[in-house]
Amino acid sequence: MFYLLGATVDITTGPAFGIALAVGGIFLILVYLYAASEAGDAIDFKYDTILRERMNQLDIVDWQDLGEKAGLSRFGVRLVRQGDVGKLTLDQLRRLATVLNLNFQEFDRTLSALPVSAAITTNPSEIEELKQQCFRLREELQQQKTQLTTDFRRATFEQLQTLLTNYPSARKMAEAKPNMPAKNLSALFTPLENLLSSWDFETIGSAWEQVTYNPQLHQPDVEDITEGELVYIRFVGYRDEEQILAPAKVSRSLPPGITN
């Protein structure tokens, strides 16, 4: 037996006591590493401001949230914050670009803006590997961009297929029968209306509606129309939430022969 911090310890329990010490030591090390890691998250790194701005736009609450969504460890997130993106793999870079919602041009500019670490810049083989990874990533992003464009064009065509298929025949019919009522052709434009609805585009006014002139929403046919003056919408406009895509074209009068 011996005394340790005022307690009597039986040396016959040496193995168990050694195990307890080892477990306690490992626990202390883990606590230290966790505390150090938490402290590391509190440090401001060079690119934190840029990353936080992007994260705020995408409702990514903190570095842990970014790591979970991008599949990066805490150390991996710290590499990004420090600008050492050259130490990430191609898959990690791809996931990071997806989570941060960066397109090809934006991600390419972001990569160019982040310097590689001194350790990589002094190792020719690592420099070459990094170049190859960046090249492959650019190629894959470009292919993805091309595929997205193709998918968008095909999806748009599917929604407008009825209009695009019938329009040439309808135009030929209108040329052959110029007195044919225009209302017979109105059904052709239903697919176009459905497409705009699927995009969540809103019309600004309705055709021939009388409204008060608003220079933020309307395009006058003459320059002397003043704000608040009553005008007619000759051609509707379109908006995407707060962004005006095309202002409505307005005039003081309706087309000749039209009464409201």
Side-chain angles (χ1 to χ4, degrees), residues 54-60 66 68-71 90-111 134-209 211 214 216-219 221 232-251 254-255 258:
R54 192 72 178 183
M55 290 162 60
N56 289 337
Q57 295 172 2
L58 301 171
D59 295 328
I60 300 175
L66 175 63
E68 291 176 354
K69 292 180 178 178
L90 181 62
D91 287 338
Q92 289 173 327
L93 290 172
R94 187 188 301 111
R95 289 196 301 268
L96 181 63
T98 301
V99 170
L100 294 178
N101 195 24
L102 293 171
N103 60 31
F104 171 69
Q105 289 83 359
E106 290 175 325
F107 192 61
D108 188 42
R109 286 196 298 268
T110 302
L111 285 177
C134 289
F135 175 77
R136 289 194 296 269
L137 180 61
R138 290 189 182 101
E139 288 291 320
E140 291 186 14
L141 288 174
Q142 184 60 47
Q143 292 175 5
Q144 184 182 39
K145 178 183 177 182
T146 302
Q147 185 61 46
L148 288 173
T149 301
T150 300
D151 292 344
F152 172 77
R153 292 171 62 185
R154 289 177 178 173
T156 303
F157 175 79
E158 288 177 1
Q159 296 188 64
L160 295 179
Q161 184 174 354
T162 302
L163 173 61
L164 297 174
T165 301
N166 294 325
Y167 171 72
S169 298
R171 180 177 179 179
K172 199 72 174 179
M173 181 68 70
E175 293 173 352
K177 297 181 178 181
N179 296 325
M180 181 178 63
K183 64 180 182 180
N184 294 342
L185 302 177
S186 61
L188 286 177
F189 298 100
T190 300
L192 185 59
E193 295 173 354
N194 294 338
L195 175 64
L196 294 174
S197 177
S198 70
W199 288 348
D200 292 329
F201 286 177
E202 300 178 13
T203 59
I204 300 176
S206 58
W208 303 348
E209 175 188 9
V211 297
N214 182 343
Q216 302 298 322
L217 303 176
H218 304 140
Q219 177 183 335
D221 60 347
Y232 292 98
I233 294 180
R234 298 288 292 271
F235 301 96
V236 300
Y238 291 95
R239 66 190 304 168
D240 182 11
E241 295 183 353
E242 298 303 318
Q243 182 180 2
I244 305 301
L245 302 175
K249 297 181 180 180
V250 299
S251 176
L254 291 171
I258 300 297

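For reference, positions follow the sequence shown, starting with 1.
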Enumerate donor-acceptor pairs with a distance under 3.5 Å from any side-chain N or O in residues 155-164 to protein atoms, sequence neighbours excluded.
unit_1, atom_1, unit_2, atom_2, d
T156, OG1, F152, O, 2.8
Q159, OE1, S198, OG, 3.2

Only distances under 3.5 Å count here; give the side-chain donor-acceptor pairs of residues 241-248 to other protein atoms, sequence neighbours excluded, each with its distance to 0.1 Å.
none

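Heavy atoms only, all atoms of each residue included: W208 and L254 are closest at CB-CD2, 3.7 Å. Taking all atoms of both residues into account, the shortest heavy-atom contact from D240 to D200 is OD1-O, 4.3 Å. Between D221 and S251 the shortest heavy-atom distance is OD2-OG, 2.7 Å. Of all heavy-atom pairs spanning G205 and V236, the tightest one is O-CG1, 3.6 Å. L100 and I60 get closest at one heavy-atom pair: CD2-CD1, 4.5 Å. Of all heavy-atom pairs between P168 and T165, the closest is CD-O, 3.6 Å.
Rounding to the nearest 0.5 Å places NZ of K69 at 13.5 Å from OG1 of T98. Remark: Y238 OH to I204 CD1 distance equals 10.0 Å, nearest 0.5 Å. In this structure, the separation between OG1 on T203 and CZ on R239 is 10.0 Å, given to the nearest 0.5 Å.
Judged as a side-chain hydrogen bond (donor to acceptor under 3.5 Å, both in side chains), and not counting sequence neighbours, Q216 has no contacts. Applying the ring pair (Phe, Tyr, Trp, His ring centres under 6.0 Å) test to F189 and every residue at least two apart in sequence or in another chain returns nothing. In this view, D59 satisfies the side-chain hydrogen bond (donor to acceptor under 3.5 Å, both in side chains) rule with no residue, not counting sequence neighbours. Residues satisfying the side-chain hydrogen bond (donor to acceptor under 3.5 Å, both in side chains) criterion with T190, sequence neighbours excluded, are absent altogether.
Counting heavy-atom neighbours within 6.0 Å of K249 NZ, excluding the residue itself, gives a total of 12 or less.
The backbone N or O of Q142 sits less than 3.5 Å from a side-chain atom of T146, completing a donor-acceptor pair.
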What do the steps show when you test Y232 against V250 for side-chain contact (heavy atoms from CB on, under 4.5 Å), and what is the final call?
CA-CA 5 Å; Y232 292 98; V250 299; over 6 Å; no
